[in-house]
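Bear in mind that the values here come from a model prediction, so they are computed numbers and not experimental data. Throughout, protein chains are lettered first and strands after them, A, B, ... in sequence-line order, and every chain is numbered starting at 1.
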There are 2 protein chains.
Amino acid sequence: MLTERQLFLLQLLVNDYVVSAEPVGSRSIAKREDVHFSPATIRNELADLEEMGYLEKTHLSSGRVPSEKGYRFYVDHLLSPALLPDDEMGNIRDAYQKKFSETEELIRVTAKILSEFTNYTAIMIGPELLEMKMKHIQLVKLSPTQGVLIIVTDTGHVENRVVSVPDSIKAEDIEKIVNILNEKLNMVPLYQLQNRLNAEIADVLRNHVRDYKRVMSLLTEGLTINDPEQIFYSGKSNMFSQPEFQDVDKIISLLNVLEGKEIVRELMNMPAKGLHIRIGRENKLIGIEDCSLITTTYSIGGEHLGTVAVIGPKRMAYPRVVTLIDLVSKLLTENLNKQERKER
Amino acid sequence: MLTERQLFLLQLLVNDYVVSAEPVGSRSIAKREDVHFSPATIRNELADLEEMGYLEKTHLSSGRVPSEKGYRFYVDHLLSPALLPDDEMGNIRDAYQKKFSETEELIRVTAKILSEFTNYTAIMIGPELLEMKMKHIQLVKLSPTQGVLIIVTDTGHVENRVVSVPDSIKAEDIEKIVNILNEKLNMVPLYQLQNRLNAEIADVLRNHVRDYKRVMSLLTEGLTINDPEQIFYSGKSNMFSQPEFQDVDKIISLLNVLEGKEIVRELMNMPAKGLHIRIGRENKLIGIEDCSLITTTYSIGGEHLGTVAVIGPKRMAYPRVVTLIDLVSKLLTENLNKQERKER
DNA sequence: GTTAGCACTCTATCTATCCGAGTGCTAAAT
DNA sequence: ATTTAGCACTCGGATAGATAGAGTGCTAAC
């Protein structure tokens, strides 16, 4: 078990390292006003903390740096969310006073705020498309042979795809088809659309519509929902101002990880709901061993969950980021679910 | 005027420098099989070329590097498009055999191919949204107070925005409104929607619809088209494998330029249509003085123009990129305008 | 007009050296 | 039994030569 003084020192050291990014020595700790023991004493304590695995040295005669275990302990036991200065708080709230016409825009703005105020990289993942429910379907003809099939979901998301519409299908056929689909598929989750089409709709269509085979192939094509992730980044290059990434190879590999698909899986793979912190190698994804990930969720339509994440160096300003990500995810949820959107 | 031999040497030198990224010396040129004069002769010629401003030295006793004037001359007079190996050609064509359900996907794939085959960064800009014409409009209610307004354009692009729908507006009102809009606004360019709404539609609505004022505010909100650029990147990090960007500061500033808005303006600002090459400082945009930009256009619906661009170091494999960007933009145009999309 | 020879220049790399920050340990002080 | 002062030791990073190599320009011979 750690003594009171060890807790105190660990906290000091992490706080110091977070801002300085340099190994912390006994002398610099002793210089602080609120520390009343000598460097030698501190050295002894630090040596103990190192023995217990909370601290590390970068080389034999260097100052100490928190280990992953040290960060973990800090996060679990010593971390309290930061208080934001009033002006920052105000700026953030103001940003949400604006009227957002598109859900996407709202999410993008949130990512931007988060990355700008943390100085790290923000990643937002939209709610699972496949879980959304069909609210309205529409087929618009563009040319004699092409059309756009539009699916609106209960969350207000709009999917659209270009489909080929055989010449033989006339305007009144389209209306009939669309009506049938709207009636039969209302509030059906998108991932079930295919099934329902084959199970229920096929028969109805066969009886009511000309050129049944072509219509079915059109619909089969149009109701296939793929690419199920919407993902937004902001501040990708913020990371590269951090001293731990002053190395070209690290930058390239981090950039590749950020732009890859695996990061999404890693993020989805967080225990659902609430705020979570993954430190360094706690992330399974290779390439971000030197990073920490803080995530939380937001909701849309009261039930669909999306993910808000901040990725930064292990040496992250945890208290501040925790406060910010929490604030921002709440504001986002609030805005997405606002019944009465602000007029004017 | 340049002599035959000087032309030959300039070409050799550029080609060599493009692959090696190192200043080229007289000896290494003389070693080539197709060169039948001695290093000393070459030195004399290179000194002349330098005097004329086509070449530069990085320091007093280094080999030569093409100057911007040199690249410009090379591009204008010595460049001939590269021939692609059959297998690459095949791979690219194959990629377009797939069926694309969304226009966006097609553009994204094009960007990806371009960046992968050039190893530089590809940037695609969609056609001007504001120039597109209204093909169909639809308002879908999500909740008692919210709805999604959907605008389909002649190119198959779908714009959507969440709007607040006053409770007082009933389903039959919506139908009426939408019918009026579809009739009156058919094929009206998006940038005119606002005008038309106020000029023509307002009166009609006043006579036919309840709660006129609220409806107008809803439509004013919904028909405001902003954020007019669609932009797709691919291979952003390719640049950083290039030897000229082995410096963290350069990477950060280039990344910031790539992610900024100004790059779009720079690209739009190309003389319309056809292939263009901008070398180094010919680009007005600060931050890409060491890059070259090759752009061309693609079209959708036969008239709307979008931009395809490749950004790479000045020391770019011009012949290959020219061939690739030309090929890919043609394939893209072809696919976007295909009347009969491939079945199955 | 071309080429061999040579002195000269500049960079990149390697090595040696030195400085300072920090540690661990021991012994004295509290 | 803690705490602290003192000291020898370690290691990384910066600095300064020294050296090798690639390349040039110029001159004189071919």
Side-chain angles (χ1 to χ4, degrees), chain A residues 1-10 12-14 16-17 19-67 70 243-244 246-248, chain B residues 1-10 12-14 16-17 19-67 70 243-244 246-248:
Chain A
M1 205 54 273
L2 295 181
T3 67
E4 204 57 37
R5 192 164 69 186
Q6 285 170 333
L7 291 177
F8 177 60
L9 286 173
L10 178 55
L12 278 190
L13 191 141
V14 172
D16 191 345
Y17 184 61
V19 312
S20 74
E22 311 250 293
V24 182
S26 54
R27 228 176 85 87
S28 71
I29 295 183
K31 264 193 214 137
R32 295 182 48 115
E33 290 217 331
D34 47 351
V35 172
H36 302 294
F37 16 92
S38 74
T41 310
I42 295 169
R43 279 203 290 280
N44 286 331
E45 294 283 36
L46 296 188
D48 288 350
L49 283 167
E50 185 178 354
E51 226 161 64
M52 290 185 271
Y54 296 112
L55 299 179
E56 289 171 354
K57 284 189 281 198
T58 59
H59 61 271
L60 248 172
S61 73
S62 74
R64 261 85 173 195
V65 160
S67 67
E244 33 268 275
Q246 291 303 42
D247 169 24
V248 182
Chain B
M1 205 57 270
L2 294 182
T3 67
E4 204 57 38
R5 192 164 70 185
Q6 284 170 333
L7 291 177
F8 177 60
L9 286 173
L10 178 56
L12 278 190
L13 190 140
V14 173
D16 192 344
Y17 183 61
V19 312
S20 72
E22 311 251 293
V24 182
S26 56
R27 228 178 84 87
S28 70
I29 294 183
K31 265 195 212 135
R32 294 182 49 114
E33 290 217 332
D34 47 351
V35 172
H36 303 292
F37 17 91
S38 75
T41 311
I42 294 169
R43 277 204 289 282
N44 287 330
E45 294 283 36
L46 294 189
D48 288 349
L49 282 168
E50 185 180 351
E51 225 162 65
M52 289 184 272
Y54 297 110
L55 299 179
E56 289 170 354
K57 283 189 282 198
T58 60
H59 60 270
L60 248 172
S61 74
S62 75
R64 261 85 173 194
V65 160
S67 67
E244 33 268 274
Q246 291 303 38
D247 169 24
V248 182

Taking OP1 and OP2 of D/dT24, is either one under 4.0 Å from a side-chain nitrogen or oxygen of B/Ser26? yes

- Message: Atom CZ of residue position B/Arg5 - does it have more than 12 heavy atoms of other residues, nucleotides or ligands inside 6.0 Å?
- Response: yes

In whole angstroms, the gap separating P of C/dG1 from CG of B/Asp48 amounts to 12 Å

Requested in this report: With the side chain counted from C-beta on, respond yes when B/Leu9 and B/Phe37 share a heavy-atom pair under 4.5 Å apart, and no when they do not.
Outcome: yes

(Q) Is there a side-chain contact between B/Arg64 and the phosphate of D/dG25, meaning an N or O under 4.0 Å from OP1 or OP2? (A) yes

When rounded to whole Å, the CD to C1' distance for the pair A/Gln6 and D/dT2 reads 14 Å

| request: Compare side-chain N and O positions of B/Arg27 against OP1 and OP2 of D/dG21 and report whether any pair is under 4.0 Å apart. | output: no

Taken to the nearest whole Å, CZ/A/Arg43 to C1'/D/dT4 is 9 Å

The salt bridge (charged side-chain N to carboxylate O under 4.0 Å, His left out) partners of B/Glu22 (sequence neighbours excluded) come to none

From NE2 of A/His59 across to P of D/dC11 the rounded distance in Å is 8 Å

Rounding to 0.5 Å, atoms OH (B/Tyr54) and CG (B/Leu7) come to a distance of 9.0 Å

Within the structure, does a side-chain N or O atom of A/Lys57 lie under 4.0 Å from either OP1 or OP2 of D/dG12?
no

In whole angstroms, the gap separating P of D/dT24 from CD of B/Glu22 amounts to 14 Å

OP1 or OP2 of D/dT4 sitting under 4.0 Å from any side-chain N/O of A/Thr41? yes

Rounded to whole Å, CG of A/Asn44 lies from C1' of D/dT2 at a distance of 10 Å

The answer to which of A/Glu50 and B/Pro39 contacts DNA chain C further toward the 5' end, by nearest nucleotide, is B/Pro39

Which of A/Leu55, A/Thr41, A/Val24 passes side-chain contact (heavy atoms from CB on, under 4.5 Å) with A/Leu46? Answer is A/Leu55

Closest of C/dT9, C/dA4, D/dT10 to the A/Leu60 side chain is D/dT10

Rounded to whole Å, CZ of A/Phe37 lies from P of D/dA1 at a distance of 21 Å

Checklist line | Phosphate contact (D/dT2 OP1 or OP2) by A/Arg5 side-chain N/O below 4.0 Å | finding: no

Atom CG of A/Leu13 and atom C1' of C/dG22 are separated, to the nearest Å, by 13 Å

Quiz item: D/dT4 phosphate, OP1 or OP2: any side-chain N/O from A/Ser38 under 4.0 angstrom?
Solution: yes

Answer with yes or no whether B/Ser61 presents, from its side chain, a donor or acceptor under 3.5 Å of a partner atom in the base of D/dT24.
no

